[in-house]
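Per chain, numbering begins at 1; letters A, B, ... match sequence-line order.
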Amino acid sequence: MPELPEVESIATRLRQGTHEQPSLLGQPIVAGQVLWELAVASPAPTEFLARIRSQVIQQIGRRGKFLVFRLSPDTLLFHLRMSGDLLIEGRSAPLAAHHRLTLDLGDGRRLAFNDPRKFGRAWLVGDPQEILGELGPEPLDPALTAEEFGRRLSAHRRQLKPLLMDQRFLAGLGNIYADEALHHAHLHPLTQASRLSASQGERLLQGIRQVLQEGIRRNGASIDWAYRGGEFQNYFRVYGRAGEPCLECGAPIQRIVVGQRGTHFCPACQPGP
DNA sequence: CACGAGACCTGTTCGC
DNA sequence: TGCGAACAGGTCTCGT
C-alpha cells in the first residue's frame, strides 16, 4: 500500500491531529498488546512491550516509507509494507480483525497497527540508523540536486523502474509513484539509468517530485479495501489504466511486468529504450 | 553487479 | 453460482 505520500499523510495526521482526534505528541505509552508475534521485528515482543511502557511520544515523522516515532529514549519505527495502516481508537474499542499490535496511550486512546497481509513490521531501537541507515536520499529534500541525482543515475546500469524502487537508491518510491514519475518524465521504464542525458535525469527528478507532491497534497491514494487514504487514485495517469487512453496523447496505456511488478506506461509518450 | 524466482500473507477480482 | 487462478501499495533471500 503505502508509498511515501501515504506514509507522509499518516505521519502528519498523527502529529497534527484532526477535528476529532487530537495530536499524539506528548502522549505516554502506558501499555501494549502484540496480537501477531511477527509484527514486532525487534526486540522480542515481551521485551518490546516492557521497554516501550511509559515512554512518551516526542516527535512523529517519516523517512522513506518508514514511520518514525521519537520516544524517550528509544525510537519506534513502523514499515507498513503492502497493507498496513495506523489507526487511533478508544482503548476499549473491540479489537478489529487485522490488528497486529496495539499501544495504549495515557489519555485513554489506543494506537492500532492494522495489517491484513501481515507483512508490516515494528521496531523499537535506541538508534534508528540501525534500521534506516541504508536508505537513499529523500526525493523531496532540496539538498538532492539535479546534478547529484544525475551522478547517482549514471552510476547504475539497471533499468529505471527497478532502480527507482530500490530504497537504497532513493527512499520512498513504490510501484505506483515510480510508474507515474516515469510517465511525467516521458521515460520508458526499461531505459538503462546510466544512459540518461543530464536533461533527462533532471526531468526524471522533476517528475518524481511532482507526483509525490501531488500525492501528498491529496493525502495519498486509496486503493480498494487495503488502505483508506486520500484521493490521488483518481488522478493516476498510467497506473492501473492498461488499455485506456493516455491522457496526454490518447495512445492505449500498456502493461508489462518488470521485476515481477506490474508496470504501466504510454508507448507513445515513453518511447522504448 | 544485475536480474529472476520464490517466500512471506490475506483478500478481492477475474475468467471460465 | 462456483471455484481456482491471478493479482495487489513491499522487501528479503537465494541462485545464476
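Taking only side-chain nitrogens and oxygens, Gln260(A) never comes nearer than 4.0 Å to OP1 or OP2 of dG6(B). Residue Tyr239(A) places at least one side-chain N or O closer than 4.0 Å to OP1 or OP2 of dG9(C). An OP1 or OP2 oxygen of dG11(B) is reached within less than 4.0 angstrom by a side-chain nitrogen or oxygen of His98(A). Neither OP1 nor OP2 of dG9(C) sits under 4.0 Å from any side-chain N or O of Lys65(A). Residue Arg157(A) places none of its side-chain N or O atoms closer than 4.0 Å to OP1 or OP2 of dC1(B). Side-chain N/O atoms of Arg117(A) include none lying less than 4.0 angstrom from OP1 or OP2 on dG9(C).
Spacing between dG9(C) and dC14(B) at atom P, rounded to whole Å, works out to 15 Å. Nucleotides dC3(B) and dA8(C) place their C1' atoms 22 Å apart, quoted to the nearest Å. As rounded to the nearest Å, dA5(B) and dA6(C) have P atoms that lie 14 Å from one another. Taking the C1' atom of each, dT10(B) and dT1(C) are spaced 23 Å apart, rounded to whole Å.
Partner of Tyr239(A) under the side-chain contact (heavy atoms from CB on, under 4.5 Å) criterion, chosen from Asn175(A), Val211(A), Thr263(A): Asn175(A).
Below 30°, between 30° and 60°, or above 60°: for Phe169(A) and His156(A) the angle between ring planes is above 60°, a perpendicular geometry. Aromatic ring orientation, Phe78(A) versus Phe69(A): perpendicular (interplanar angle above 60°, classes split at 30° and 60°).
Arg255(A) places its CZ atom 12 Å from the P atom of dA6(C), with the value rounded to the nearest Å. The separation between Met165(A) atom CE and dG4(B) atom C1' is 15 Å, rounded to whole Å. The CZ atom of Arg62(A) sits 20 Å away from the P atom of dG9(C) (whole-angstrom rounding). Atom P of nucleotide dG9(C) and atom CZ of Arg241(A) are separated by 17 Å, given to the nearest angstrom. In this structure, the CG atom of Leu80(A) is 22 Å from the P atom of dC8(B), given to the nearest Å. A straight line from CG of Leu164(A) to P of dC3(B) spans 13 Å, rounded to a whole angstrom. Summarising the geometry, the separation between CZ on Arg261(A) and P on dG4(B) is reported as 14 Å, rounded to the nearest angstrom.
Under a 3.5 Å cut-off, the side chain of Gln167(A) and the backbone N or O of Met165(A) do form a donor-acceptor pair.
When Watson-Crick and G-U wobble pairs are counted only if both distances are under 3.5 Å, dC9(B) pairs with no nucleotide at all. Applying the Watson-Crick and G-U wobble criteria (two distances, each under 3.5 Å), dG9(C) pairs with nothing in any strand.
Taking a centre distance below 5.5 Å and an interplanar angle below 30 degrees as the stacking criterion, Phe119(A) does not stack against the six-membered base ring of dT11(C).
Here the nucleotide nearest the side chain of Lys118(A), chosen from dT10(B), dA8(C), dC3(B), is dT10(B).
Identified under the side chain to side chain donor-acceptor pair (under 3.5 Å) test for residues 131-142 of chain A, with sequence neighbours left out: Arg62(A)-Glu138(A), Arg63(A)-Glu138(A).
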>> Could you go through Tyr177(A) and Phe232(A), starting from their C-alpha distance and side-chain angles, then the distance that decides it, and tell me whether this counts as ring pair (Phe, Tyr, Trp, His ring centres under 6.0 Å)?
In response: CA-CA 11 Å; Tyr177(A) 291 90; Phe232(A) 188 55; 5.4 Å; yes
